[in-house]
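The structure appears below as structure tokens.
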Amino acid sequence: EAFILKKISWGVLSTAGIAQKEVLPAFKRATNAEVTAIASSSGIEKAEEVAKRFAIEKVYDSYEKLLQDPDIEAVYIPLPNFLHKEWVIKAAEAGKHVLCEKPAAINAAEFKEMKAACKKHNVLFMEAFMYYFHPQHERVIEIVDSGEIGKVTYIQAGFTFFLEPERRENSIKMSEEKGGGSIFDVGCYPIHAIRNILREEPKTVEVKAVLDEKHHVDTDAVGYLTFPSGVRATFDCSFNLDMRNEYRLFGTKGKITVPRAFRPDHHGGEGQIIIEKAYETRIETLNSDQYRLEVEHISQAIIDRKNELKHTTENTYHNMRVIEACYESIRSGKTISL
């Protein structure tokens, strides 16, 4: 008998760079999802051009109109951080499931409201931490659990890239009002990775940052976290250094380095895990398509009417709490207890 493969119909709110570069191509590669509509709030021409490039059939000149389309089952929201809350809630009210770019909100209280709206309207919400879907991280946890590098008591993670001076003037990454800053943009990844690899939440957070004199956002930050188990962690993020996206775990018998932690897609999807002990080094590689896996994961959950996602709202909420504590520490100059 004929097996009909179900595909979830997605709409995209905005023509953001991340959507065009990474996520729309991933939807094309996904087996259970397709983007059937796109909306732009800043003139329809840009949306029409993107729609043409990705063969998206419907184009709307407002986000509202897209949300009113009864054929759309879910929406992807790559809007600037400060707009997430408004549009996630509106999408939930329209009965659409949501995949929302990271960080999910500007603070934990905002996210609580978003989570409540999704729950009330019975729609799935997932924050788009695509790196989390790459199998290299589960493999790291497996190696740690095997005891191979002994007892892990320190973890270090960083995500940096160079934001060209000419791009800074008009970049939302440099806008305080729009939820810019290096912690919101890239620091949220090392924070997320540290929490998820350790499988516990930090008890204290202390962060030092370099603030841009003109734009008042953090262009660089270094954080120190302590955990109930006694593990210590540091993270750093920056707009002023070359691309680096990694984490390292240090144990009593060895260390693990994951040099392509967040963007293995820059290496054709190849993740790398380097295990070093006294006199030996081993490199394991794992290949995967993390953006596609993210899209397929939430689409499959919608098809199966499953309420449990691999990346949970609980996980997102805790990450938001840590990010919020980071900014509180920067402002107050103090160590913040969670």
Side-chain angles (χ1 to χ4, degrees), residues 80-82 84-85 102-115 127 129 151-161 163 168 171-241 244-250 261-262 313-338:
N81 303 338
F82 79 113
H84 290 177
K85 178 184 148 182
K102 37 55 53 188
I106 300 288
N107 55 50
E110 235 190 38
F111 181 64
K112 261 186 147 160
E113 278 184 66
M114 293 155 67
K115 184 179 167 178
E127 182 182 23
F129 266 116
K151 184 173 160 56
V152 172
T153 52
Y154 179 56
I155 177 169
Q156 187 269 323
F159 197 168
T160 65
F161 72 100
L163 184 60
R168 293 192 186 205
S171 175
I172 54 173
K173 296 180 194 303
M174 296 297 289
S175 163
E176 196 183 10
E177 300 72 55
K178 295 181 180 177
S182 66
I183 295 176
F184 272 139
D185 193 56
V186 281
C188 58
Y189 287 90
I191 291 167
H192 195 268
I194 291 166
R195 292 177 41 258
N196 284 289
I197 295 291
L198 294 177
R199 291 161 287 179
E200 60 174 333
E201 301 302 336
K203 60 174 194 186
T204 69
V205 175
E206 186 180 353
V207 181
K208 302 284 182 225
V210 176
L211 298 177
D212 185 85
E213 283 177 9
K214 184 176 170 192
H215 301 284
H216 313 293
V217 298
D218 55 295
T219 54
D220 307 75
V222 178
Y224 177 70
L225 288 70
T226 66
F227 288 82
S229 63
V231 176
R232 293 160 296 115
T234 54
F235 77 86
D236 69 292
C237 51
S238 175
F239 290 157
N240 292 312
L241 297 167
R244 169 177 139 261
N245 64 110
E246 63 180 10
Y247 60 78
R248 296 163 192 263
L249 290 86
F250 300 88
F262 311 118
T313 50
E314 196 60 13
N315 196 342
T316 290
Y317 175 70
H318 286 296
N319 213 58
M320 283 311 318
R321 281 191 65 205
V322 179
I323 292 170
E324 204 176 328
C326 290
Y327 281 114
E328 205 180 314
S329 177
I330 292 168
R331 279 193 301 271
S332 67
K334 294 191 171 97
T335 299
I336 305 301
S337 293
L338 280 153

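These figures come from a predicted structure and were not determined experimentally.
- The two residues Ala108 and Glu324 have their closest heavy-atom pair at N-OE1, 2.8 Å.
- Under the 4.5 Å side-chain criterion, counting only non-hydrogen atoms from C-beta, Thr234 is in contact with Tyr154.
- Heavy-atom minimum distance, Glu200 versus Pro228: OE1-CD, 3.3 Å.
- Lys102 places a side-chain N or O within 3.5 Å of a backbone atom of Asp185 that can act as its donor or acceptor partner.
- Counting heavy atoms from C-beta on, the side chains of Arg321 and Leu338 come closer than 4.5 Å.
- The residues Asp212 and Lys173 are annotated as not salt-bridged, no charged nitrogen and carboxylate oxygen being separated by less than 4.0 angstrom.
- One finds a salt bridge joining Lys115 and Glu314 here, because a Lys/Arg side-chain nitrogen approaches an Asp/Glu carboxylate oxygen to under 4.0 Å.
- With rounding to the nearest 0.5 Å, the separation of CE in Met320 from CD1 in Ile106 is 7.0 Å.
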Could you go through Arg195 and Asn319, starting from their C-alpha distance and side-chain angles, then the distance that decides it, and tell me whether this counts as side chain to side chain contact (heavy atoms under 4.5 Å, CB included)? CA-CA 8 Å; Arg195 292 177 41 258; Asn319 213 58; 2.9 Å; yes
Determine whether Tyr327 and Asn107 satisfy the following criterion, side chain to side chain contact (heavy atoms under 4.5 Å, CB included), listing intermediate values before the conclusion. CA-CA 10 Å; Tyr327 281 114; Asn107 55 50; over 6 Å; no
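- Side chains of Thr204 and Thr226: a donor on one and an acceptor on the other come within 3.5 Å.
- Looking at heavy atoms from C-beta onward, Met174 lies in side-chain contact with Thr219 at the 4.5 angstrom threshold.
- The aromatic rings of Phe262 and Tyr247 sit tilted relative to each other, their planes meeting at an angle between 30° and 60°.
- In this structure, the side chains of Asn81 and Pro103 come closer than 4.5 Å at one or more pairs of heavy atoms.
- The side-chain heavy atoms of Tyr189 and Asn245, taken from C-beta on, include no pair separated by under 4.5 Å.
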